[in-house]
Structures are given as structure tokens and as C-alpha cells.
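Residues: numbered from 1 along the sequence shown. Counting starts at 1 for both ligands and their atoms, following the listed order.
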Amino acid sequence: MTDIAALQSEILADIQGAGDEPALEAVRLAALGKKGSVSALLATLGTLSPEDRKTAGPLFNGLKDAVAQAIGARKAQLADAALDARLAAETVDVSLPSAPLNSGTVHPISQVLEEITAIFADLGFAVAEGPDVEFDDYNFTKLNIPPDHPARQMQDTFYVAPQPGDQGAAHVLRTHTSPVQVRAMLAAGKPPIRVISPGRTYRVDSDATHSPMFHQVEALVVDEGIHLGHLKWTVEEFCKAFFEIDRIELRARPSFFPFTEPSLEWDMRCDRSVRGQIKFGTGNDWLELGGSGMVHRKVLENCGFDSTRYTGFAFGFGLDRMAMLKYGIPDIRSFFESDLRWLKHYGFAALDIPTLDGGLSR
Ligand code: DAH
């Protein structure tokens, strides 16, 4: 007859030795499964004499119960251990700093626009605004560019299809910020006027230094006794502040704009002898800043100003070009491509910040 006690201690040892659930299940099957050792023993009960069955029955069933109970206990033990292991592995250290997030920053054009606005605010200029979709009348006619004037072809214009509320007035995407001069004068009604107007402008043009949408900053000063000296001083002060240098040298070239007389274009002395670099203030090269002049008598009159009493100066500089110069950016189109790698390269987007595990935040 089978040694029940030996069998039981053998199975119980196997149960204790099972290191995980599958191993325990294998032990269970080997004992209590259909072909298991304990099941086989129980199956013999039917073959015993009633006498033997009386003693063997409780013995065998006791063995079965003991094995089942031990398996249950071991199962609970294994589950506890698994949970402990998981908790240990998944510990959250709440004292660690959180992973840094990539924060957005101001676009270079907006940044330059803010810088320029701040510089002119220091000089006592207010900001005047006008719409991107402008009256043909303000963009051209009131600026002394009549309908058939050849100067209209200087600027390849995007014309806006007539809209229901136009009442016959033609509209264009403004080709320059100069129409804001007209708006500022009409709104003020009388001098003094001291405004700048930075904003978007549009021309049918696209290459490395021209974008069909670009930015200009316009300045307008109208008062009694305004002369070229005021214009020169303002351009100089602005350039010193914008390019962050104390000593600059400006050159004025005669030019033509229908809305100014005389008209000048300003260049700034610079050094481009080192490839890919521009130094301001010294050198043998000149860098174009933009157009300017004394506001044309007809423009003042078109806006209802007495041109025998008042004079004014104005200038319009390319904002994107100034940003390109200040930050050494060769292609104007990159401003409008929203390429994060480019923005990071020029320091305009948040840089990758090292994380604690030595990686980089994205
Ligand atoms: N509007 C001119 C342009 O887009 C630039 C300009 C020239 C603006 C002379 C002015 C000015 O205010 O006085 O090319």
C-alpha cells in the first residue's frame, strides 16, 4: 500500500518548490489532475473491501484536501510576491523633476517687430495700423501714384476681386506700408504726427531675397519745420539701437518715389569680407536699408494738410531684410517655413533641454 504520508510530504515539497504559477499548475495537475497521483489513489477506493475503504477513504480524502489547501496557499503567496515585485519595479519617485516641455517662443519677425516698436516708442513714436487689404486709392492714388502712373508697375500688385460692399472702390493687397501714412493723416486731421507702422505687405515676387508676403516698417513725422536733418537723425538713432552699435555710418543716395520729394535711399557701412558674416559700422561695403524722403506736397494736400505750413519726412524699411541682416539669415523664405530645426538653429525656438537621464527633451 502507498505510503500516504511520504506521498503527501513529497507533493507538499513540490508545491513549496513551485516558483511561479505555471510551475504550481504543473504540480497541481500531477497530483489532482485526471491522471494525477492523488486522483489515481482515490480511484482505487472502489476496488477495496468495505473494511479497507473505511480506513483508506478518510486518509485519501485528507491527502487530497491537504494538497488542495497547500496549492491555494502557495498560489496566494506567489500572487503576493508578484505584486511586491511589480510595486518595487514601478516605484514612482515623486521627488524627481518633471521632464521639461518644449515651450513655444516668439517668431523672429514678431520679435524684430517688437524690438523696432520699442525703439521708436523711446523716440516718441506711436504705432499706427492699417489693413492688409487696402483701398487702391490709399495704396496708390493718394500717395501721388495716379491710375495710369508708370510707378504702379514698380510694384507687381495683387489685385483683390471686387466684393459686394466695395461700392466701386478697388482693393489691393497693400504693396507697401505707405498707405498707413494716408490713414494716419486722415485720422489725425492735423499735425503733429509721429507714427510708425510695421506690418505685412505683398508683391508678386518670390526668390531667396523676396517673398510674396513680406514686412515693412513705415515711419511718418509731420509738423512745422520738419527737415531732412530730422530724417537723418531718426534713421541713425534707429539703426544704432536696432543693430546694437554705437558708431554707424550712413550714406544717403538720391532716389525716386512718387510720394516723396526729395527721395533718398539709405545705406549703412558694413564689412562683408568674412564669408557668411556681416559687421556693421566699419568696412568697405554698404548695405541697403530702404527708401525715405520728405513727404510730397501733393500727399500732404491729398490728406487735407496745408503744405505751405507743414512738412514731413517718411521712410519705409524692409523688416524681414533687417531681421536677416541682424541675425545673419541668408534666405527670406525660411522665416515663413516654420521649420523647428531652423528656428532652433537661429536661437528662435526653445533649445533642447537636457533631461536627468541624459537624453534631450523634444
Ligand atoms: N513704400 C516704399 C517701398 O515700398 C518705401 C518708401 C520709400 C517708404 C520712401 C517711404 C518713403 O515712406 O518715404 O518701396
Near [X], which atoms of ligand 1 are under 4.0 Å from a heavy atom of that residue?
X: Thr260; result: 13 (O)
X: Phe259; result: 1 (N), 2 (C), 6 (C), 7 (C), 8 (C), 9 (C), 10 (C), 11 (C)
X: Gly316; result: 5 (C), 6 (C), 8 (C), 10 (C), 12 (O)
X: Phe257; result: 7 (C), 9 (C)

- Please identify each residue that fulfils side-chain contact (heavy atoms from CB on, under 4.5 Å) with Ile119, with sequence neighbours left out.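 So Ile119 forms a side-chain contact (heavy atoms from CB on, under 4.5 Å) with Phe238, Ala241, Phe242.
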- Message: Tell me whether Asp285 is salt-bridged to Arg269, with the criterion being a basic N under 4.0 Å from an acidic carboxylate O.
- Response: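 Salt bridge: no.
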- side chain to side chain donor-acceptor pair (under 3.5 Å): which pairs involve residues 11-24, sequence neighbours left out?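 Output for this query is empty, none listed.
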- Query: When only distance counts, is Ser178 in polar contact with ligand 1, meaning an N/O pair under 3.5 Å?
  - Reply: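 Yes; at least one N/O pair falls below 3.5 Å.
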- Would you say ligand 1 has an N or O under 3.5 Å from any N or O of Arg203?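 Between Arg203 and ligand 1, an N or O pair is found under 3.5 Å apart.
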- Item | Interatomic spacing from CZ in Phe214 to CD1 in Ile109 - rounded to 0.5 Å |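 Rounded to the nearest 0.5 Å, the CZ-CD1 separation comes to 12.0 Å.
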- Task: With atom 9 (C) of ligand 1 as the reference point, say which of Ser263, Ser292, Pro258 has the nearest heavy atom.
- Result: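 Closest candidate by heavy-atom distance is Ser292.
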- Message: As a check for students: among Arg174, Gln181, His176, identify the option with a heavy atom nearest to atom 1 (N) of ligand 1.
- Response: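 The nearest heavy atom belongs to His176.
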- Short side-chain donor-acceptor distance under 3.5 Å, Asp339 and Ser334: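 Result is no, nothing qualifies.
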- Query: Where do Ala184 and Ile193 come nearest, in terms of heavy atoms and distance?
  - Reply: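 For Ala184 versus Ile193, the nearest heavy atoms are O-CD1, 3.9 Å.
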Can you tell me if [X] has a non-hydrogen atom under 4.0 Å from ligand 1?
X: Phe317; answer: no
X: Gln216; answer: yes
X: Gly293; answer: yes

- Task: Answer side chain, backbone, both or neither: which part of Ala314 comes under 4.0 Å from ligand 1, heavy atoms only.
- Result: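 Both backbone and side chain of Ala314 come within 4.0 Å of ligand 1.
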- Message: Heavy-atom distances under 4.0 Å decide this one: backbone, side chain, both or neither, for Phe313 against ligand 1?
- Response: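 Under 4.0 Å from ligand 1, Phe313 contributes no heavy atoms.
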- Message: Applying a strict under-4.5 Å side-chain criterion to I, L, V, M, F, W and Y, I'd like to know whether Leu29 and Leu7 cluster together.
- Response: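 In one cluster with Leu29: Leu7, no.
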- Message: As a test of understanding, state which of Tyr202, Phe317, Phe259 forms a ring-ring contact (aromatic ring centres under 6.0 Å, His included) with His176.
- Response: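 Among Tyr202, Phe317, Phe259, the one that satisfies the ring-ring contact (aromatic ring centres under 6.0 Å, His included) with His176 is Phe259.
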